[in-house]
A.B. asks: 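Submitted below is the structure of interest, expressed as structure tokens.
What you see is a predicted model; the values in this text were computed from it and never measured.
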Amino acid sequence: MAYTDFEFYQESFFGTAITDSEVFRQATERASEYLDMVTFDRLCTGIPAEYETKIKKCCCALAEAIYLYQLKANSSSDSGRPKTQETIGAYSVSYGSVSNTLSALLNGETAGLEDYLQSICMKYLGTSGLLYRGCG
């Protein structure tokens with residue numbers, strides 16, 4: 001279940017990165033799954049009224065981040081891939097493949113996307129207690 005909708009994204013969050021409602025729906029589903037993970041499923045029984053706007057904005061920001069990451073990962077241009085080697089004399093440059101980048105993320109070699117998603121959650125929900133890992 002997505003915690004926000006395309007109308008909120010455009011009208012309240014003022015998002016502009018995602019222009020297609022179907023693409024937004026897919027990204028927000030992934031974002032909602034991430035929110036469930038970091039909140040330890042505390043939102044599955046219902047969104048606390050005092051945090052509803054924060055949760056919706058957090059979901060929008062996560063959806064944008066996921067969408068932009070996927071857009072960059074699917075890019076066929078060199079700007080979407082990290083440089084692995086560059087030589088200045090008789091200029092030469094090598095780029096890593098998208099599959100190498102994704103593989104590195106999945107194997108924990110780099111935590112760039114995960115760190116970014118976590119920082120988004122901290123920005124919106126850090127003072128809510130929803131990210132609390134302890135008991136009680």
A.B. asks: Can you name the nearest heavy-atom pair linking S32 to C59, along with the distance?
C.D. replies: OG-SG, 3.4 Å

A.B. asks: With side chains defined as the heavy atoms from C-beta onward, is the minimum distance between E64 and Y67 less than 4.5 Å?
C.D. replies: no

A.B. asks: For the residue pair Y34 and E29, confirm or rule out a side-chain donor-acceptor distance under 3.5 Å.
C.D. replies: no

A.B. asks: What's the shortest heavy-atom distance between Y124 and K57, and which atoms?
C.D. replies: CE2-CB, 3.6 Å

A.B. asks: Find the distance between CZ (F13) and OG1 (T4) and round it off to the nearest 0.5 Å.
C.D. replies: 9.0 Å

A.B. asks: Minimum heavy-atom separation for A63 and I18, please, with both atom names.
C.D. replies: O-CD1, 3.9 Å

A.B. asks: Determine, using the 4.5 Å side-chain heavy-atom cutoff (strictly less than), whether M1 and L125 are members of one ILVMFWY cluster.
C.D. replies: yes

A.B. asks: Locate the shortest heavy-atom distance separating L131 from C121; write the atom from each residue and the value.
C.D. replies: CD1-O, 3.8 Å

A.B. asks: By side-chain hydrogen bond (donor to acceptor under 3.5 Å, both in side chains), which residues pair with D20, not counting sequence neighbours?
C.D. replies: none

A.B. asks: Within this structure, what is the CD1-CG distance for the pair I66 and L113, rounded to the nearest 0.5 Å?
C.D. replies: 7.0 Å

A.B. asks: Taking NZ, NE, NH1 and NH2 as the nitrogens, is one of them in K56 or E52 under 4.0 Å from a carboxylate oxygen of the other?
C.D. replies: yes

A.B. asks: Ignoring hydrogens and angles, tell me if any N or O in the side chain of Y51 forms a donor-acceptor pair with the backbone of S128 under 3.5 Å.
C.D. replies: yes

A.B. asks: Rounded to the nearest 0.5 Å, what separation is found between the CG atom of L62 and the CD1 atom of I120?
C.D. replies: 5.0 Å

A.B. asks: What about F24 and Y9, are their ring centers closer than 6.0 Å?
C.D. replies: yes

A.B. asks: At what distance, to the nearest 0.5 angstrom, does NZ of K123 lie from SG of C58?
C.D. replies: 9.5 Å

A.B. asks: Please report the interatomic distance CD(Q10) to OG1(T19), rounded to the nearest 0.5 Å.
C.D. replies: 8.5 Å

A.B. asks: Y3 versus D36: any side-chain heavy-atom pair under 4.5 Å?
C.D. replies: yes

A.B. asks: For E7, look at atom CD and say whether over 12 heavy atoms of other residues, nucleotides or ligands are found less than 6.0 Å away.
C.D. replies: no

A.B. asks: Test side-chain contact (heavy atoms from CB on, under 4.5 Å) on L35 and L130 and set out the steps.
C.D. replies: CA-CA 10 Å; L35 271 173; L130 294 170; over 6 Å; no

A.B. asks: Can you measure from CZ (F8) to OG1 (T53) and round to the nearest 0.5 angstrom?
C.D. replies: 5.5 Å

A.B. asks: Hey, are the side chains of T28 and D5 touching, using non-hydrogen atoms and a 4.5 Å cut-off?
C.D. replies: no

A.B. asks: Say whether M37 and F40 are linked into one hydrophobic cluster, either directly or through other cluster members, by side-chain heavy-atom distances under 4.5 angstrom.
C.D. replies: no

